[in-house]
Amino acid sequence: MIDKVDILGILIDRVDMGQALDRIEEFIKLDTSNLVVTPNAEMIIRATKDPKLREIINSAQLIVPDGAGVILAANLLGQPLSERVAGIDLVKELLAQANQKDYSFYFLGSAPGVANKAKEKVLKKWPKLTIIAHHGYLDRELEEQVIDEIKKEEIDILLVGMGVPLQEKWLATYLDQLDIPVGIGVGGTFDILAGNKKRAPEVIQGLNLEWLYRLLQEPKRLGRMTALPEFIYKVLHQRLK
């Protein structure tokens, strides 16, 4: 049983990258469907106001600490986590491992063309992978087609990039019936894999300022940044309690 850290009612698994990858490898060997979620400060704040999202996160089989704010919160609460396990890094590590282990992926999400572009870029780096890609703009008919395709192809890892909370709720609704070992909500990962957006330089990541780098790339995110001070305030309140 993995130890957990309670941050505003969200139970984060105390895992590092290696442990997270080991757990996912175990999931692939099991005959069950397993949800992996990657909460950051913004997702946690959203979950405090969305009981369904909170329930989905806390019932997931793996909940990794994505975001410098989560690491800071754990430290403030006296329950330090060993390292940040960013969703994009987790995906890249999984792709690298899968290139040697014959896992199959389904990329679902982002605007039309993005997931396919991400697939092409990934296959240039890891040519042994099996990847099917589809955009995330689904009406009911397209959704049924995607579900049928996923069932037919016997996918090992389903990556869904529809944004929070849609991707988590979509996975919670369909993962069991898709009979896939692992489903992960990956946010904007396909845009990064496709080269449409750039990841912050490592020095910026090391300073825990990746959120600022993303804000400079996408000023429209400014409204969402109000979640950060709210998150810290609520964590400090939890510590005092």
Side-chain angles (χ1 to χ4, degrees), residues 1-27 30 32-91 93-94 160 162-173 175-176 182-189 205-211 214 221 224-241:
M1 188 72 174
I2 290 180
D3 189 19
K4 294 179 180 287
V5 176
D6 183 338
I7 300 177
L8 305 184
I10 298 300
L11 305 177
I12 307 292
D13 288 321
R14 198 187 295 274
V15 293
D16 58 23
M17 180 63 77
Q19 291 167 324
L21 292 168
D22 288 345
R23 286 292 304 280
I24 292 172
E25 186 172 3
E26 290 173 11
F27 293 158
L30 297 173
T32 57
S33 295
N34 299 275
L35 176 63
V36 179
V37 292
T38 62
N40 58 14
E42 184 182 342
M43 186 192 289
I44 291 174
I45 283 297
R46 187 182 287 266
T48 65
K49 304 169 184 178
D50 184 338
K52 181 61 177 177
L53 177 60
R54 182 171 65 249
E55 178 187 348
I56 290 169
I57 295 172
N58 284 339
S59 63
Q61 284 66 49
L62 180 61
I63 309 165
V64 302
D66 181 347
V70 176
I71 302 301
L72 173 61
N75 287 333
L76 288 172
L77 294 170
Q79 303 178 68
L81 293 159
S82 57
E83 66 177 6
R84 176 189 178 198
V85 182
I88 179 63
D89 294 329
L90 181 62
V91 168
E93 292 289 343
L94 281 172
V160 180
M162 297 178 176
V164 178
L166 181 57
Q167 61 195 19
E168 284 75 24
K169 291 182 177 181
W170 197 93
L171 282 164
T173 300
L175 189 58
D176 281 344
V182 179
I184 312 175
V186 297
T189 292
Q205 295 179 43
L207 292 170
N208 292 327
L209 292 174
E210 190 167 10
W211 62 271
R214 292 183 67 187
R221 294 177 61 91
R224 295 164 59 180
M225 291 297 105
T226 58
L228 298 178
E230 182 181 358
F231 176 74
I232 296 301
Y233 172 79
K234 288 186 173 181
V235 167
L236 289 172
H237 184 66
Q238 178 180 338
R239 180 185 178 183
L240 290 172
K241 288 175 67 177

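Note that these values count all heavy atoms, side chains included, but never hydrogens, waters or copies made by symmetry.
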- Message: Strictly by salt bridge (Lys or Arg N to Asp or Glu O under 4.0 Å), give each pair with a member in residues 54-78 just once, sequence neighbours left out.
- Response: D66-R84
- Among residues two or more places apart or on two chains, list those pairs meeting salt bridge (Lys or Arg N to Asp or Glu O under 4.0 Å) that have a residue in residues 70-82. none
- Check against side chain to side chain contact (heavy atoms under 4.5 Å, CB included), I10 and M43: CA-CA 10 Å; I10 298 300; M43 186 192 289; over 6 Å; no
Heavy-atom pair of closest approach, residues [X] and [Y]:
{"X": "L8", "Y": "T48", "result": "O-CG2, 3.9 Å"}
{"X": "Q167", "Y": "V160", "result": "OE1-O, 3.1 Å"}
{"X": "T38", "Y": "G87", "result": "CG2-CA, 4.2 Å"}
{"X": "A20", "Y": "L62", "result": "O-CD2, 3.9 Å"}
{"X": "L53", "Y": "K169", "result": "N-CE, 4.3 Å"}
{"X": "V70", "Y": "A41", "result": "CG2-N, 3.9 Å"}

- Do the charged groups of E230 and K49 touch, with an N to O distance under 4.0 Å? yes
Side-chain donor or acceptor of [X] paired with backbone N/O of [Y] under 3.5 Å:
{"X": "E93", "Y": "L90", "answer": "no"}
{"X": "R239", "Y": "L76", "answer": "yes"}
{"X": "N34", "Y": "V182", "answer": "no"}

Taking the side chain as everything from C-beta on, heavy atoms only, tell me whether [X] gets closer than 4.5 Å to [Y].
{"X": "L94", "Y": "L21", "answer": "yes"}
{"X": "I45", "Y": "K234", "answer": "yes"}
{"X": "E26", "Y": "R23", "answer": "yes"}

- Task: Go through the structure and list residues passing side chain to side chain donor-acceptor pair (under 3.5 Å) with K52, not counting sequence neighbours.
- Result: none
- By side chain to side chain donor-acceptor pair (under 3.5 Å) - contacts of K241 (at least two apart): none
- First locate atom CG of L236, then atom CD of Q238, and finally report the distance between them rounded to the nearest 0.5 Å. 10.0 Å
- Report the distance from atom CG of D13 to atom CD1 of I63, rounding to the nearest 0.5 Å. 5.0 Å
- Between L77 and I7, does a side chain to side chain contact (heavy atoms under 4.5 Å, CB included) hold up when you go through it step by step? CA-CA 8 Å; L77 294 170; I7 300 177; 4.1 Å; yes
- Got a sec, which residues hit side chain to side chain contact (heavy atoms under 4.5 Å, CB included) with L35, two or more places apart in sequence or on another chain? V37, I56, A60, Q61, L171, L175
- Note on the structure: side chain to side chain contact (heavy atoms under 4.5 Å, CB included) filter on L11, not counting sequence neighbours, yields K4, D6, N58
